[in-house]
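Below is one structure; the comments refer to it alone.
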Protein chains: 2
Amino acid sequence: MALDHAILVSLLEQPGSGYELARRFERSIGYFWTATHQQIYRVLKRMESDGLLDVRDIPQQGRPDKKEYSVAEPGRDALAAWLHEPIEPESLRHDLAVKIRGAAFDDPAALIREVERHHRVHSERLEHYLTGEWRDFTGPGAPAPLDAGQELQHVVLRGGIAYERMTVAWLDDVLATLHRIGPTAPQA
Amino acid sequence: MALDHAILVSLLEQPGSGYELARRFERSIGYFWTATHQQIYRVLKRMESDGLLDVRDIPQQGRPDKKEYSVAEPGRDALAAWLHEPIEPESLRHDLAVKIRGAAFDDPAALIREVERHHRVHSERLEHYLTGEWRDFTGPGAPAPLDAGQELQHVVLRGGIAYERMTVAWLDDVLATLHRIGPTAPQA
DNA sequence: CCTCCCATGTAATTAGTTACATGATTGC
DNA sequence: GCAATCATGTAACTAATTACATGGGAGG
């Protein structure tokens with residue numbers, strides 16, 4: 001149920017509408033948690049009816065009206081409670097690794113294109129993160145010194161950067177391995 | 001629906017019972033895909049009734065009888081089809097990162113214990129992977145040269161090792177950051 | 001005109017988690 | 001006697017995905 005908590009954190013950082021949250025889940029928060037707008041609207045509704053969130057109708061001109069959600073006191077308490085209870089170190093779910101092991105029973109060389117595609121995507125994400133880091137934390141326009149919240153955002157971003165760098169390097173390794181084993185007959 | 005495919009790969013590598021699969025999902029396959037026995041039994045039943053798997057009843061003495069599943073021809077085809085279609089590079093779901101950003105609205109220092117615990121778990125996983133690598137691929141008892149399937153298993157394991165190493169290093173960074181910002185009043 | 005952006009949602013389905021349930025054997 | 005391992009499952013619930021649905025405004 002960490003989507004609830006991710007929403008609480010995001011709304012504490014900045015109140016906003018379901019649409020805005022959905023966009024954030026494609027960007028900053030989305031670096032370590034994903035959610036679609038359908039899911040977000042549903043959860044917002046539930047959390048609001050549970051009293052964890054407040055809503056305000058905001059009429060707009062030239063665009064549809066929107067509902068701005070913000071965290072109510074009980075929501076803040078719920079987040080604090082979650083922060084104080086331990087969570088399980090999560091395990092990966094990595095489709096591509098399943099594919100790579102599965103390739104032994106098919107043609108490993110046929111995977112090269114797919115791996116190259118993933119390599120491209122992760123390289124782009126890395127570039128994107130690095131640009132954001134420069135803009136928000138390490139470049140000349142960034143605040144200095146950073147406050148606690150910014151330090152925490154930065155260390156999370158550094159985690160994303162480390163992850164993407166590691167992944168790109170591993171995909172290089174995978175490609176080298178696929179080329180090395182070359183075209184082989186699938187195993188029985 | 002990658003659980004289906006993970007099961008197909010695992011059963012191609014070695015036929016086995018639901019129980020055995022559940023154990024593998026705590027070990028080798030579990031490094032990059034998780035599943036509980038309940039889920040596995042349900043999916044096995046579905047895949048068998050869809051004709052993707054064959055079952056054989058194996059009576060045993062001194063232990064409960066078991067059902068040994070193996071991949072049928074249509075299952076092999078289904079796996080091959082999946083291997084040839086592109087998948088989305090997956091995004092992370094990282095609870096701890098949510099917690100770290102959330103700590104800005106609570107007491108960051110209270111997270112130190114939790115982060116240390118995660119650090120311990122990931123260090124242990126790293127050790128465990130390295131032991132397995134030595135046993136199966138790089139140590140004196142390992143086969144040489146490796147065949148294509150073993151090469152692919154090894155490169156996936158190297159990915160797990162790289163992931164754990166990266167994570168441990170990042171958690172060091174997180175701990176240093178938490179210590180640096182020290183005890184602070186939560187933000188508005 | 002067409003597409004993208006803003007903004008909201010419902011409905012149906014699939015996947016995953018948690019709790020409950022049984023029962024023999026092996027080792028301490 | 002008690003806990004762990006082997007072996008199988010059902011039931012209830014929660015979470016996530018996919019498809020469908022609407023409608024105005026802005027920009028090329």
Side-chain angles (χ1 to χ4, degrees), chain A residues 1-8 15-27 29-30 32-50 53 55-69 82 85 87-88 90-95 98, chain B residues 1-8 15-27 29-30 32-50 52-53 55-69 78 82 85 87-88 90-95 98:
Chain A
M1 218 197 277
L3 175 56
D4 299 40
H5 304 113
I7 286 176
L8 287 170
S17 67
Y19 186 83
E20 279 158 1
L21 278 171
R23 306 227 52 211
R24 287 182 215 172
F25 274 92
E26 287 165 8
R27 315 175 78 262
I29 317 283
F32 45 86
W33 204 268
T34 51
T36 58
H37 78 272
Q38 292 91 333
Q39 222 187 326
I40 291 167
Y41 283 120
R42 197 150 20 87
V43 171
L44 282 174
K45 197 164 278 186
R46 191 191 73 226
M47 290 173 80
E48 196 256 315
S49 83
D50 289 348
L53 300 178
V55 211
R56 225 162 42 100
D57 273 301
I58 304 204
Q60 296 188 114
Q61 265 129 13
R63 6 171 119 182
D65 299 349
K66 66 176 178 178
K67 298 181 185 171
E68 192 188 69
Y69 289 91
W82 179 68
E85 77 191 25
I87 50 172
E88 277 312 297
E90 58 270 350
S91 1
L92 291 175
R93 294 246 156 141
H94 207 314
D95 304 65
V98 178
Chain B
M1 219 196 277
L3 175 56
D4 299 39
H5 307 291
I7 286 176
L8 287 171
S17 68
Y19 186 84
E20 280 159 0
L21 277 171
R23 305 228 52 209
R24 289 182 213 172
F25 274 92
E26 286 165 9
R27 316 176 75 264
I29 317 283
F32 46 85
W33 203 270
T34 50
T36 58
H37 79 272
Q38 291 91 333
Q39 222 188 325
I40 291 167
Y41 283 119
R42 197 150 23 87
V43 172
L44 282 175
K45 197 164 278 187
R46 191 191 72 226
M47 290 171 80
E48 196 257 315
S49 83
D50 288 351
L52 304 183
L53 300 179
V55 211
R56 224 161 44 100
D57 272 304
I58 304 204
Q60 296 187 117
Q61 264 129 12
R63 4 173 119 180
D65 298 348
K66 65 176 179 178
K67 298 180 183 169
E68 193 188 68
Y69 289 91
W82 178 68
E85 77 192 24
I87 51 173
E88 277 313 297
E90 59 269 350
S91 1
L92 291 175
R93 294 243 157 142
H94 208 315
D95 304 65
V98 177

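Proteins get letters first, then strands, A, B, ... in listed order; numbering begins at 1 in each. Atoms considered below: every heavy atom in the structure, side chains included; atoms not considered: hydrogens, waters and symmetry mates.
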[X] has an atom [atom1]; how far is it from atom [atom2] of [N], in whole Å?
X	N	atom1	atom2	result
A/Ile40	D/dT18	CD1	C1'	15 Å
B/Arg27	D/dT5	CZ	P	14 Å
A/Asp4	C/dT17	CG	P	16 Å
B/Arg56	D/dT8	CZ	P	13 Å
B/Glu88	D/dT17	CD	C1'	14 Å
A/Glu90	C/dG16	CD	P	16 Å
B/His5	C/dA15	NE2	P	9 Å
B/Glu20	D/dT5	CD	P	16 Å

Partner residues of [X] under the side chain to side chain donor-acceptor pair (under 3.5 Å) criterion, sequence neighbours left out:
X	value
B/Glu68	B/Arg56
B/Lys66	B/Glu20
A/Glu26	none

Could you tell me whether the phosphate oxygens of [N], OP1 or OP2, come under 4.0 Å of any side-chain nitrogen or oxygen in [X]?
X	N	result
A/Lys45	C/dT10	yes
A/Arg93	C/dG16	yes
A/Tyr19	C/dC6	yes
A/Lys67	C/dG9	yes
A/Tyr41	C/dG9	no
A/Arg23	C/dC6	yes

remark   = Of the listed D/dA15, D/dG9, C/dT8, the closest approach to the A/Arg46 side chain comes from D/dA15
request  = List in chain and number order the residues that pass salt bridge (charged side-chain N to carboxylate O under 4.0 Å, His left out) with B/Arg23, two or more places apart in sequence or in another chain; answer none if no residue qualifies.
outcome  = none
Listing time: all N or O pairs from protein to nucleotides 18-26 of chain C that are below 3.5 Å?
residue: C/dA19; atom: N6; partner: B/Gln38; partner atom: NE2; Å: 3.0

request  = Could you tell me which residues satisfy ring-ring contact (aromatic ring centres under 6.0 Å, His included) with B/Trp82, sequence neighbours excluded, listed by chain and number?
outcome  = B/His5
query = Between B/Arg93 and A/Phe32, is there a donor-acceptor pair closer than 3.5 Å when you use the side chain of the first and the backbone of the second?
reply = no
inquiry  = Would you say that A/Thr34 contacts A/Phe25 through its side chain, given a criterion of any heavy-atom pair below 4.5 Å between the two side chains?
reply    = no
